[in-house]
Asks: 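Have a look at the structure that comes next, please.
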Amino acid sequence: MEKIKILVVDDESRMRKLVKDFLGREGYQVLEAGDGLEAMETFYAEKDIALIILDVMMPKMDGWQTCREIRQSSKVPIIMLTARGDERDELQGFDLGVDEYISKPFSPKILVARVNALLRRSNVLDADEHVEAGGIVVDKAAHQVQVDGKDVELSYKEFELLSYFLENQGIALSREKILNNVWNYDYFGDARTIDTHVKKLRSKLGEKGEYIKTIWGMGYKFEVN
């Protein structure tokens with residue numbers, strides 16, 4: 001089976017090597033480009049790039065222009081990297097069709113987790129039927145959950161919520177993002193429904209419920225201690 005190709009575009013060779021090392025350990029084939037022009041040459045030469053990690057500040061052609069060029073012909077998932085934590089930059093990125101946005105400095109493990117999640121959402125990676133973390137096992141095919149080998153009864157939405165948390169370990173998830181992915185975009189209810197489901201889910205998971213961390217003013221993060 002051919003490896004999934006990811007294009008990393010950054011003018012810092014040290015940053016490219018860091019990202020390449022971590023993604024390489026996950027089994028991805030990583031292609032590199034030092035600026036937007038080189039990125040476009042590689043993108044057009046390689047027809048099967050599954051995802052692009054794109055820095056904003058680069059010589060010759062910056063990340064914004066590179067993103068515009070790519071979006072004229074492709075919907076390939078794009079993760080934008082920036083050293084500036086400016087909300088306007090983030091909004092501009094989403095307007096251009098950026099799928100994810102990560103500010104430098106970032107944890108390489110978090111970047112890998114977001115790459116995996118984005119490729120699953122775009123159906124490049126097959127979603128695992130079994131997801132496991134910290135003694136919690138989710139069997140999607142059978143719609144069953146076990147905690148330390150014992151069955152736990154969850155409602156449909158509790159099951160979906162737990163699955164989403166496990167698939168996005170270590171990633172801070174806003175309530176809006178959880179609503180969009182678990183309740184879907186057509187849900188117009190109050191975000192407090194998430195808090196209610198999280199409370200019930202924590203209770204049913206017992207001691208493992210503490211893996212679901214509250215991020216005050218934002219949402220939640222699933223993290224095994």
Side-chain angles (χ1 to χ4, degrees), residues 51-54 56 63-64 67-68 70-71 75-125 127-128 131 133-134 136 138 140 145 154-205 208-224:
L51 181 141
I52 298 173
I53 297 171
L54 184 61
V56 171
W64 304 127
C67 183
R68 286 189 192 97
I70 291 168
R71 280 291 174 259
K75 293 182 179 178
V76 61
I78 296 175
I79 295 177
M80 191 75 94
L81 303 179
T82 180
R84 296 179 298 185
D86 192 330
E87 186 182 68
R88 287 172 299 178
D89 279 0
E90 190 166 339
L91 291 172
Q92 181 177 348
F94 287 132
D95 284 343
L96 290 174
V98 173
D99 297 275
E100 287 282 357
Y101 207 93
I102 300 179
S103 296
K104 295 178 180 178
F106 56 84
S107 159
K109 290 182 179 178
I110 294 298
L111 177 63
V112 169
R114 292 201 180 186
V115 166
N116 290 338
L118 196 49
L119 289 174
R120 275 197 298 270
R121 290 209 303 268
S122 57
N123 297 319
V124 175
L125 279 183
D128 293 331
V131 191
I136 302 171
V138 173
K140 289 185 171 183
V145 173
L154 299 181
S155 70
Y156 179 77
K157 279 302 175 191
E158 288 165 357
F159 181 90
E160 294 288 302
L161 182 59
L162 180 61
S163 299
Y164 185 62
F165 278 142
L166 263 68
E167 288 170 352
N168 291 277
Q169 288 183 62
I171 298 175
L173 302 167
S174 67
R175 286 177 175 82
E176 182 182 21
K177 198 162 192 175
I178 295 169
L179 274 177
N180 289 342
N181 285 275
V182 178
W183 275 264
N184 298 318
Y185 288 93
D186 58 357
Y187 180 79
F188 295 105
D190 196 309
R192 283 176 297 185
T193 191
I194 296 172
D195 300 334
T196 302
H197 279 78
V198 167
K199 186 177 180 180
K200 290 179 180 176
L201 185 56
R202 279 175 172 155
S203 176
K204 291 182 178 182
L205 294 177
K208 309 290 185 182
E210 67 184 24
Y211 294 158
I212 304 172
K213 319 285 188 188
T214 298
I215 303 175
W216 298 108
M218 182 199 176
Y220 297 95
K221 176 167 67 172
F222 184 91
E223 196 167 47
V224 177

Asks: Test side chain to side chain contact (heavy atoms under 4.5 Å, CB included) on V115 and E100; report intermediate values, then the result.
Replies: CA-CA 9 Å; V115 166; E100 287 282 357; over 6 Å; no

Asks: Might you point out which heavy atoms bring L166 and Q169 nearest each other, and give the distance in Å?
Replies: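 In terms of heavy atoms, the two residues are closest at O-CG, 3.2 Å.
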
Asks: Quick one: side-chain contact (heavy atoms from CB on, under 4.5 Å) partners of A113, sequence neighbours excluded?
Replies: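 Testing A113 for side-chain contact (heavy atoms from CB on, under 4.5 Å), a comparison that skips the adjacent residues, returns I171.
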
Asks: Which value, rounded to the nearest 0.5 Å, describes the distance between L161 atom CG and H197 atom NE2?
Replies: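 That separation rounds to 7.5 Å.
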
Asks: Dump the intermediate steps for side chain to side chain contact (heavy atoms under 4.5 Å, CB included) on F222 and I212, then the final yes or no.
Replies: CA-CA 5 Å; F222 184 91; I212 304 172; 3.9 Å; yes

Asks: Who pairs with R202 by salt bridge (charged side-chain N to carboxylate O under 4.0 Å, His left out), at least two apart in sequence or on another chain?
Replies: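 Scan of R202 (salt bridge (charged side-chain N to carboxylate O under 4.0 Å, His left out), adjacent residues dropped) gives none.
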
Asks: K208: which residues meet the side-chain contact (heavy atoms from CB on, under 4.5 Å) condition with it, sequence neighbours left out?
Replies: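 Testing K208 for side-chain contact (heavy atoms from CB on, under 4.5 Å), a comparison that skips the adjacent residues, returns I136, V147, D148, L205, Y211.
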
Asks: Can you sort out the partners of K109 under side chain to side chain donor-acceptor pair (under 3.5 Å), two or more places apart, ordered by chain and number?
Replies: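 In terms of side chain to side chain donor-acceptor pair (under 3.5 Å), with neighbours along the sequence ignored, K109 is linked to no residue.
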
Asks: A side-chain contact here means heavy atoms from C-beta on lying under 4.5 Å apart; do L54 and C67 qualify?
Replies: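 Contact flag for L54/C67 side chains = yes.
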
Asks: How many angstroms lie between atom OG1 of T193 and atom CD1 of I178, to the nearest 0.5 angstrom?
Replies: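 The CD1 atom of I178 is 11.5 Å from OG1 of T193, to the nearest 0.5 Å.
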
Asks: Minimum heavy-atom separation for I110 and G170, please, with both atom names.
Replies: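 Minimum heavy-atom contact is CD1-O, 2.7 Å.
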
Asks: Are the side chain of D99 and the backbone N or O of I79 linked by a donor-acceptor pair below 3.5 Å?
Replies: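 A pair under 3.5 Å: no.
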
Asks: State which residues pass salt bridge (charged side-chain N to carboxylate O under 4.0 Å, His left out) with K213; sequence neighbours excluded, sorted by chain then number.
Replies: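 Not a single residue meets the salt bridge (charged side-chain N to carboxylate O under 4.0 Å, His left out) criterion with K213.
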
Asks: Start with the C-alpha distance between L81 and Y101, add both sets of side-chain angles, then the distance that settles side chain to side chain contact (heavy atoms under 4.5 Å, CB included), and finish with yes or no.
Replies: CA-CA 6 Å; L81 303 179; Y101 207 93; over 6 Å; no

Asks: List in chain and number order the residues that pass side-chain contact (heavy atoms from CB on, under 4.5 Å) with K200, two or more places apart in sequence or in another chain; answer none if no residue qualifies.
Replies: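 So K200 forms a side-chain contact (heavy atoms from CB on, under 4.5 Å) with E158, T196.
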
Asks: Give me each pair satisfying ring pair (Phe, Tyr, Trp, His ring centres under 6.0 Å) with a member in residues 159-181, each pair once, sequence neighbours excluded.
Replies: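 Output for this query lists H143-F159.
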
Asks: About how many Å separate CD1 of I78 and CD1 of I53, when rounded to the nearest 0.5 Å?
Replies: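 One gets 11.5 Å once the value is rounded to the nearest 0.5 Å.
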
Asks: Quick one: salt bridge (charged side-chain N to carboxylate O under 4.0 Å, His left out) partners of E210, sequence neighbours excluded?
Replies: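 Not a single residue meets the salt bridge (charged side-chain N to carboxylate O under 4.0 Å, His left out) criterion with E210.
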
Asks: Return the set of residues passing side-chain contact (heavy atoms from CB on, under 4.5 Å) with I215 (not counting sequence neighbours), or none when no residue passes.
Replies: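 Checked I215 against side-chain contact (heavy atoms from CB on, under 4.5 Å); matches are A172, M218, K221.
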
Asks: Who passes side chain to side chain donor-acceptor pair (under 3.5 Å) against R175, sequence neighbours left out?
Replies: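 Only D195 meet the side chain to side chain donor-acceptor pair (under 3.5 Å) criterion with R175.
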
Asks: Of all residues at least two apart in sequence or in a different chain, which pass the side chain to side chain donor-acceptor pair (under 3.5 Å) check with E160?
Replies: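 Applying side chain to side chain donor-acceptor pair (under 3.5 Å) to E160 gives none.
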
Asks: Report the C-alpha distance between S203 and K199 in whole Å, list the side-chain angles of each, state the deciding distance to 0.1 Å, and finish with yes or no for side chain to side chain contact (heavy atoms under 4.5 Å, CB included).
Replies: CA-CA 6 Å; S203 176; K199 186 177 180 180; over 6 Å; no

Asks: Can you tell me how far the CG atom of L162 sits from the NZ atom of K157, to the nearest 0.5 Å?
Replies: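 Here the interatomic distance stands at 13.5 Å.
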
Asks: Working to the nearest 0.5 Å, report the span between CG of L173 and CG of N168.
Replies: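 L173 atom CG to N168 atom CG measures 5.0 Å (nearest 0.5 Å).
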
